[in-house]
Amino acid sequence: MNKIVRKLRPSDYWRIGEHESWFSDMAAMGFHLKKMGLHFAHFGKGEPKKMRFRIDVSINKKITPEQIQMYEESGWDYVTSYNFFHVYSSPVELNAPELHTDPAEQSLFNKLL
């Protein structure tokens, strides 16, 4: 995956599900997310893969190594961050559990959206 391709991101950053689906669609076409910026996402070109993506929002803009490790133990690999948004991926066949399963936390997260 030597070639980097830049693609214009969906315009509304807070449409988390749209971004997650877009990243999955891109991976299925062989474009694997490497970096996010203000307007563009950077992808490495490679073999198509069925991947799931989840975006975790952190008000502090930072994530701890412990949080990354906890998600990795659940089957989610840290990919990249941009401001408040932290992107994780997992192969579909791994069937990793959702990052946030607490109904109260999901409700609070949905209110942010």
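If you're wondering where the values come from, they're calculated on a predicted model, not measured in any experiment.
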Reported CE-to-OG1 distance for the pair Met70 and Thr64, which is rounded to 0.5 angstrom: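 Between Met70 CE and Thr64 OG1, I get 8.0 Å after rounding to 0.5 Å.
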Side chain His32, main chain Glu47, donor-acceptor under 3.5 Å: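 Such a contact is found between His32 side chain and Glu47 backbone.
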Under 3.5 Å: donor-acceptor pair, side chain of Arg54, backbone of Trp76: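 Side chain of Arg54 to backbone of Trp76, a donor-acceptor pair under 3.5 Å: no, none is there.
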Full working for salt bridge (charged side-chain N to carboxylate O under 4.0 Å, His left out) between Glu93 and Lys49: CA-CA 10 Å; Glu93 64 271 7; Lys49 293 182 183 176; over 6 Å; no
Quick check: closest heavy atoms across [X] and [Y], and the distance to 0.1 Å?
| X | Y | value |
| --- | --- | --- |
| Leu33 | Lys35 | CD1-O, 3.6 Å |
| Gly44 | Ile4 | CA-CD1, 4.1 Å |
| Leu8 | His39 | CD1-O, 3.3 Å |
| Pro48 | Ala28 | CB-O, 3.1 Å |

Aromatic Phe40 / basic Lys7 pairing, under 6.0 angstrom, 45° off normal: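 The answer is no; the distance or angle limit is not met.
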Set of side chain to side chain contact (heavy atoms under 4.5 Å, CB included) partners for Gln69, sequence neighbours left out: Glu73
Kindly list each side-chain donor-acceptor pair under 3.5 angstrom involving residues 80-91, sequence neighbours excluded, with atom names and distances?
| unit_1 | atom_1 | unit_2 | atom_2 | d |
| --- | --- | --- | --- | --- |
| Ser81 | OG | Tyr78 | OH | 2.7 |
| Ser81 | OG | His86 | ND1 | 2.6 |
| Ser90 | OG | Gly75 | O | 2.9 |

Could you list the donor-acceptor pairs under 3.5 angstrom formed between side-chain atoms of residues 16-25 and any protein atom two or more places apart in sequence or on another chain?
| unit_1 | atom_1 | unit_2 | atom_2 | d |
| --- | --- | --- | --- | --- |
| Glu18 | OE1 | Arg15 | NE | 3.1 |
| His19 | ND1 | Arg15 | O | 3.2 |
| His19 | NE2 | Arg9 | NE | 3.4 |
| His19 | NE2 | Arg9 | NH2 | 3.3 |
| Glu20 | OE2 | Ile55 | N | 2.8 |
| Ser21 | OG | Gly17 | O | 3.2 |
| Ser24 | OG | Glu20 | O | 3.2 |
| Ser24 | OG | Met51 | O | 2.9 |

